[in-house]
Structure formats: structure tokens, C-alpha cells
Amino acid sequence: MPKYDFKKIEKKWQKIWAKNKYKLWAASAPLRGASASQGRRKFYVLDMFPYPSGDGLHVGHVEGYTASDIMARFLRMNGHNVLHPMGWDAFGLPAENYAIKKKIHPSIVVKNNIKRFKNQLNSLGFSYDWQREINTTDPEYYKWTQWIFLQLFKKGLAYEAEVPVNWCSSCKTVLSNEEVADGVCERCGGKTERKNLKQWILKITAYADRLLSDLESLDWPERVKEMQRNWIGRSEGALIKFSFSCDRIYYGDLEVFTTRPDTIAGVTYMVIAPEHPVIEKLKSKIRNWEKVAAYIKSAKSKSEKERQQEGKEKTGVPLDGVYVINPWNKKEVPVWIADYVLAHYGTGAVMAVPQHDERDREFAKKFDLPIIDEPLLPKEEVIEKLGAKKTINYKLRDWIFSRQRYWGEPIPVIKCEKCGNIAVPEEDLPVKLPQVKKYEPTGGVESPLAGIKKWVNVKCPKCGGAAKRETNTMPQWAGSCWYYLAYLMREVSNFQFPISQYQNVFKHWLPVDIYVGGVEHAVLHLLYARFWHKFLYDIGVVSTKEPFAKLVNQGLILGPDGQKMSKSRSNVVNPDDMVEKFGADSLRLYEMFMGPLEDVKPWDPRGIIGPHRFLARIYNFGRDKKTGENEAAVRLVHKTVKKVTEDIKNFHFNTAVSALMIALNDAEKLETLSKDFYKTYCKLLFPFAPHLAQELWSLLGHKTLLDEEKWPEWDERLAEEESFELIIQVNSKTRGKLTAHRGIDETNAKALAMTAPGMNKWLDPSKIKRIIFVKDRLINFIVES
RNA sequence: GCUCGGGUGGCGGAACUGGCAGACGCAGAGGACUUAAGAUCCUCCGCCGCAAGGCGUGUGGGUUCAACUCCCACCCCGAGCACCA
């Protein structure tokens, strides 16, 4: 028997595909053809593009990319116009850190890594449309990233402000809230500290309501939607004014935000955040100022995380001499400061209702403040009587957008002492990242770009006077906010201005129909990209409200030890090794066969052998079989086509692979097989194991490429077996089985069941009380016991 | 604490709308072939039992002729959020 020489087969077809790739895998341009009338529609099948790290492709990449490749191939064979592109998200710290260490320019590092990644992707037989390849670090690409920033800037959605920020001292840059998890830098795991720095900020909060409500329209995993909902954190309530009363004299108002105006009668004290500006104003009235000042100082010195970690044990200080009057019942209550009240949320002040709020109760108990039982009031009535303002608050905060690092898109702004922040004129884009000798971050508010005087010093575009460039760069996430549009722009021209020339392609291809990627981007990339897309929608660039209609998350693949793969645990499985040992088709097949796509699953080093053996068996299958018509074979084909087709549509690739295995096992038992069986089987196998399927297809004598073949159809009647196994139960226990014709009625089933071997042991016909008959399944005799 | 997933053989997992639990694969056992090993092929493979049979889908209860599937209570694991007023 010939050996399944996967290396030879895979190389051979990869060569042929490379020659034909633009014909085979290029989507039709929308302006030529693509008629929706014949059931042919567009499908935009998108992978989350990789960061081309020095480690090369990971088996986790292979999982998601195989899933989308199966989908793309399947849809193409079904006659659809499929766009399946790939590119590189190449700005960011790892390339820069590597560059610092090895003294190689990051662009060279990135170039080498991309080359390696691309080879790896091709070695796995993915059917990407490489004509549309993009790279976020290409100046022609990032000029558009800068252009979008400028549109945001012009609409007032990008602004500079001094704000408290998260600073990562090991990455030496500011981070966004989304990049900080548990007080730790998402990137390097280092502790973050709080600093007040002047930064560029994007007003994502202006889109909070739409980012939240439009989630409903998306076919996304509920988990991801829920994470975004939590992150946006909408709450409805009202702003209520309390009056300060010091020595019984009115001293201005204090506004609080509450979601529970109905509990206002139970307010027994007031708490304000230590940072609240009113404290300074009331200073002269506060009798224990020294104590208060000390508390404020200690609160400010702590990071938000530290405050929260200590948060179980509440702390606070009363403002002696300061009271507020409850507008509902005119009662005077004391005012406290405590760091469990956050300055940046609501008004930074809370009316405390210990009866109803757990945190208030904890605080009240600790400091012996009264807890009163009170009537719950009609919410609307309270709001109306007090003239309170209904408000909606969000947890979401604006996106801190500048980074003090080299390897990112320069922020296209010129700072003029006279004119302020001035946008770089569109015709001057891109603002190219200049070559520098040292990439080391400065550690301060400037990026290494600040050291290049020639680059920094420019004329103000407005007044012509001396001015300086902004030296901060954009964060990692900027380039990935719009890359799915860049693939489309490739179809028209090579990123030329103006934007209007791209609107037809955007209209045709958007939204992305299937977006496959890891769940780790749930509140980073996926939130940011939705924000930018909505902005582009508002300024008329794109015509859909959302970028990604359907999202599929592949589950993490763990190491053989059940732990997350990592170099330090040395449990990383390298896809190259697997391709070398078992072949690309085996790797693809195994990763799909491991379990449901979305599940987290451990890598079983032996597991890949199963699919590999299966492919080797297919390779030699049928060599000693007679060709001929065979009804059982026909039914087997139809059954398998149905199962595999439906499974692919539902992303149930594990059971699709298993159906292919079952079909082979069953076919081996048949004496003759028709030509048609082999043909159809090749087509079904093709999306999963394209190299072998194509090889077998050509061995069958076909000159065509399977990419251009039509996906098989099935006949519902033939997809069902003629007969079934009738389960015979007595008192709901299975006591026998008989083969019966489909559609058999109760009377015949009963007669048949009586003839089952050994039935007289279990069944006395005179004692039958009741018969339950389930068509094409079972008959259950209920007898007296 | 809250929210969302999930708990099925030694392992990964399968099971339509409530209808044979354990498909498919890995591992394991026995056999064939081989000087041998490997590869390949055949048979077995949830647990108890010689068998007949009984028991089995996290635990306890319920509904039903029939429950992995539906209902109630609880336990455990994973992910996310977490002083957001």
C-alpha cells in the first residue's frame, strides 16, 4: 500500500494554489457581477489579524484560522462571493522591546516576523486573499489611522486633558482603563500607579448609550455582550440637590446621583469622595480640618486598586460642623468623606441609606451612624416633588489614547503656543514615524520622538510660527480599530485619498458577516472598533451601524498539563512541529476534532494521531474495492452530506469530522462503491483537509481544483435510513430490539415486538394495561406488576 | 458578593423537540502479520456480576410510561465583573 506522503502532497498543492490564488480566493469586486438574485451573496469572513510576534504562530491561531478557512471554502463552494483576507497588527511594545534589546529597528523585526508568519499560514493551506494584505505599520496604512484621529479631533471627540491615568512603570507609558486588569498592566503584568498627566483622550463615553443598546442587534456570544454591558455599566437614576448647612446657615448645594430616589426618607448621612472640590470650599467650616486633610492626603497617595483592596474594611472621617438638609423631610444629617465613594462616578457624592444599601450599612455600623427603617416612596413622585433631574450614568470612562513610546502611529497634531493644538493638514499625512537611534522610552511624558529636533520643530500650519509636533504615539489598538475597512480599500486603490471613493465597497461588503477570534478582546479591540465604526457611520463613511454582525470565539487551547500554554511552563505546542510530524491536514483536522470550537480544551499529544490515521486510511481507501451502484452507499452519501453541511453551518466542526470518520468506517464495510461516493467524499473533506482532498480528487482523474467545484446537495428521503431499530420496552425498561421499516404503525409494531426473542419472558399479553408507541423509535408496554 | 457558562467512562467528547446514555477519537487488553520492534488489520473495552440481571450522566428531591435533557433545592469547577451609589 502506498504511503500517505503528506509532505509531498501538501507542498505540491500549495505550489499550485500559490500560482492560482488570485483567481481562486479573490472575492469578486462588487461593481462587477455578484448578483444576489441567484442565492449568491457576499460573505465577509474575517479573522482577528495577528500581532506578528517573534514566537511565530500559536496553535490557538491555527484553531481560529482553520475554522474561518473551513467556512470560507464551504461558502465559496456554495457559490457565494467570499472575502477572506489577512494582515498584520504590527505596532506595539514587543517589537519595540525586542528592538531595544537587539538593537535592530522595529520595522525590520516586524518585517522578519511577518515573513515567518506568512510562511506558516501558507504551510497550513489557508485560503487567504493575499492581494488585500495590510500592515498597520505601513505609512500608507497609518495615514488613514491618523486621518480618522483627525476627524475625531475636528468633531471634538479627541481632546487633551490632564487626568488621573494608569502608569505602567515597566512599560514606561500610560495605559487605558481597558488595559489595566486588577491594577496590573495587561501587557507585562507589572503593577500600575496613578499619576496626573496631560494626555490625549478619545470621548468614547459620547457613544456609551449606542455601544450598549446596539449590542442587542448583534449575533455575538452572550458572554461577550455581557462583558461589554458590564464595562459600559449603565445606570438610571436622578440627581438630587441637598443644601449644606453650617451653623444653621445655608452654604450652597450638594448634588448627589442615586438610582434609588424612593429611599430618600432613609438617608441618615452623606458621603463625599475625598477628592471632591467642595471640601476646599468648606474648609473654614470644618472643625476637624487637620484630621480631614490627613485622610485626604492618605487617600490620594493610594492607587485606586489599593483603595479597593482595603475596601472591605471601610474608612472615613466626618466633616465636623458640616451638615446637609434632606430636601424630602428637611432633616439635617452629617457629612462624611470616605474613599468608598469614587470621585469620577456620578457627582462624587452619595446619599447614604444604610437600610437599603449594603455598603452604607457597613459604613454606618462601623461608625455608629443611625440606620432607620423608613417608608419606600413612589420613585416618580420623589423626583417630581424635588424637581430632581433624571440622569443616566455610565461606568465607562473616556479612552486615554496617548502612549509615551516609539513604535506607534504619531498623533498628527502640531502644538503652537499661539494657536494651541492644530491638526496636521490632510495633504501632509502620513506623519511618518522618523528613524531614531534610541527607542528607549524616556520615562517621562514625552516619547523618544521628542529627542529628534529636526522632526519635532515645525511651522504652525495656521499662523506659520514656530511650533512643535506632538511626540506621543497612539496605542496598540488604534490600527486594529478599522483594519477590516482597509482590506476593502485595497479593492479600489492603494489607500489614496479621498475617502469618498471607497464608499461603494464599504457599502457592498459591510458588515463583516463572520468574525472569528479569541475572547481576550471582548472589552478592548471589540469595544474600540465598535466605537470608531459608529463614529465613521456618523460622518457618513460607512453605512452600517455595527462592524461585526456575527462573532465566534474560539476557546483557548491549553497545554497538555491543562495549564495555559506559556514559555515559562514549557508546555507550548508549536504548530510547525505538528506540520512537520503529521502534516497540515492532520493538524487542522485534529484542532477541529478536539471539541466544540468555543470550548477551552487541553492539547492531547497523542490525540492528533487519530485524525492522522484517519487521513492515511482515506488515502488508501477504495484501492481494492469494486466500483458499482449500491443503495446503501447512496444513503450513506446523502446522510453524510446532510450531517456535514448542517454541522459546518452551525460551526460544529468536531461532529462534522466525526461524521466523516463514520462515513469512512461504514464505507469500508460495503462491497461496492460508486464513483459518486468518492467524488462527494472528497468535496466534503476539502474544507477540513484541503491538501489531501485535492490530491484524491486529482487521483480520481479530475483536472479541476476543488475550490471551483460545487458543494454537494442531499435528498432528504435518501438521507434517512430505510429501517430503524425498534426499541421494545416493558415498563420502560428495554427488553429487546428489532429492525423495522420506517413508518411502521402501532399495530404492526406491536405484532412485531411480540415476536422478539425472549419476549414471552417479560411480556404476558393479557396483562398489558397501556402501550406507548413513539414512531420510528420505540414501543413501551406497561403491564400490571 | 453579583452575572454568565459548565459538571457524562481512564482521557477529549457525542446524544434530535424528553425516547437505546457513552457516537467518533485517544489510551488500555487480547489476537493476526513480523526474527523482533514499529506500522497495519481483527476483537474487546462504563461499573458490579460466572451468568441471569442490576446499577449508572455532580448531590438530594419532584414531574413523566420514559429525564444527561424539564422543575425545585444544594455542592463543585471555569470565566467575567466587583465599593459604580
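Since this is a predicted model, take the numbers as computed values, not measurements. The sequence lines fix the lettering, A, B, ..., with proteins before strands; numbering per chain opens at 1.
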* With P as the reference atom in both, quote the distance from B/A21 to B/C72 in angstrom, rounded to an integer. => 26 Å
* Considering just the side-chain nitrogens and oxygens of A/Lys601, establish if one lies under 4.0 Å of OP1 or OP2 belonging to B/C26. => no
* To do: For B/G9 versus B/U35, give the span between their P atoms, rounded off to a whole number of Å.
  => 44 Å
Sort me out a list of protein N/O and nucleotides 63-66 of chain B N/O pairs below 3.5 Å, or just none if empty.
from	atom 1	to	atom 2	distance (Å)
B/C65	OP1	A/Arg770	NH1	3.4
B/C65	O2'	A/Ser732	OG	2.3
B/C65	O2	A/Asn780	ND2	2.8
B/A66	O4'	A/Ser732	OG	3.4

* Does CD in A/Glu671 sit with more than 12 non-hydrogen atoms of other residues, nucleotides or ligands closer than 6.0 Å? -> no
* Report yes if a side-chain nitrogen or oxygen of A/Asn654 is closer than 4.0 Å to either non-bridging phosphate oxygen (OP1 or OP2) of B/G12; otherwise report no. => no
* When all nucleic acid strands are considered with a 4.0 Å heavy-atom cut-off, which category describes A/Glu226: base, sugar-phosphate, or nothing? -> sugar-phosphate
* Residue-phosphate contact under 4.0 Å: A/Tyr345 side-chain N/O, B/A85 OP1/OP2 -> yes
* First of A/Trp762 and A/Met351 reached from the 5' end of RNA chain B, by closest nucleotide -> A/Trp762
* Could you go step by step and tell me if A/Tyr340 and A/Thr315 meet the side chain to side chain donor-acceptor pair (under 3.5 Å) rule? -> CA-CA 8 Å; A/Tyr340 81 90; A/Thr315 60; over 6 Å; no
* Between B/A79 (P) and A/Gln563 (CD): distance, integer Å -> 10 Å
* NA contact type, A/Trp603, heavy-atom cut-off 4.0 Å: base, sugar-phosphate, or nothing? -> nothing
* Using a cut-off of 4.0 Å on non-hydrogen atoms, how would the nucleic acid contact of A/Arg617 be classed: base, sugar-phosphate, or nothing? -> sugar-phosphate
* **Closest non-hydrogen atom pair between A/Ser566 and A/Asn571, with its separation** => N-OD1, 2.8 Å
* Look at all strands and tell whether A/Asp360 reaches a base, only sugar-phosphate, or nothing, counting heavy atoms closer than 4.0 Å. => nothing
* To do: State the syn/anti category of B/G7 according to its glycosidic angle, syn meaning within 90° of 0.
  => anti
* C1' gap between B/U69 and B/G62, integer Å -> 15 Å
* What distance, rounded to whole Å, do you find between the two C1' atoms, one in B/C71 and one in B/U64? -> 12 Å
* Asked: Say you pick atom P in B/C20 and the same atom in B/A66; how far apart are they, in whole Å?
  -> 15 Å
* **Sugar-phosphate, base or nothing in reach of A/Asn665, heavy atoms under 4.0 Å** => sugar-phosphate
* To do: Mind checking A/Glu725 for me? I need base, sugar-phosphate or nothing, with any heavy atom below 4.0 Å counting as a touch.
  => base
* **A/Trp762-A/Phe781 aromatic ring centre distance below 6.0 Å** => no
* To do: For RNA chain B, produce a single dot-bracket line, 5' to 3'. Pairs: Watson-Crick or G-U wobble, both distances under 3.5 Å. Symbols: ( ) within strand, [ ] crossing, | other strand, . unpaired.
  => (((((((..(((......[....))).(((((.......))))).(((....)))..(((((..]....))))))))))))....
* Can you tell me how far P of B/G6 sits from CZ of A/Arg223, to the nearest Å? -> 11 Å
* Asked: Is it true that A/Glu580 and A/Lys7 have a side-chain N and a carboxylate O under 4.0 angstrom from each other?
  -> yes
* Structure fact -> Smallest heavy-atom separation, A/Met578 atom then A/Leu587 atom, equals CB-CD1, 3.9 Å
* Aromatic contact, A/Phe621 with A/Tyr619 (centres under 6.0 Å) -> no
* Look at all strands and tell whether A/Arg613 reaches a base, only sugar-phosphate, or nothing, counting heavy atoms closer than 4.0 Å. => sugar-phosphate
* **Enclosure of A/Lys366 NZ (heavy-atom neighbours >12, cutoff 6.0 Å)** => yes
* In whole angstrom, give me the gap between the C1' atoms of B/C75 and B/C26. => 31 Å
* Sugar-phosphate, base or nothing in reach of A/Arg735, heavy atoms under 4.0 Å -> sugar-phosphate
* Asked: Whole-Å distance between B/G13 C1' and A/Phe653 CZ?
  -> 17 Å
* Check: A/Lys225 side chain, A/Leu218 main-chain N or O, donor-acceptor pair, under 3.5 Å -> yes
* What integer number of Å spans the P atoms of B/C65 and B/U17? -> 23 Å
* Asked: Which part of the nucleic acid, if any, lies within reach of A/Val523 when heavy atoms closer than 4.0 Å are counted: base, sugar-phosphate only, or nothing?
  -> nothing
* **Atom P, compared across B/G58 and B/C16: separation rounded to whole Å** => 16 Å
* To do: Look at all strands and tell whether A/Lys775 reaches a base, only sugar-phosphate, or nothing, counting heavy atoms closer than 4.0 Å.
  => nothing
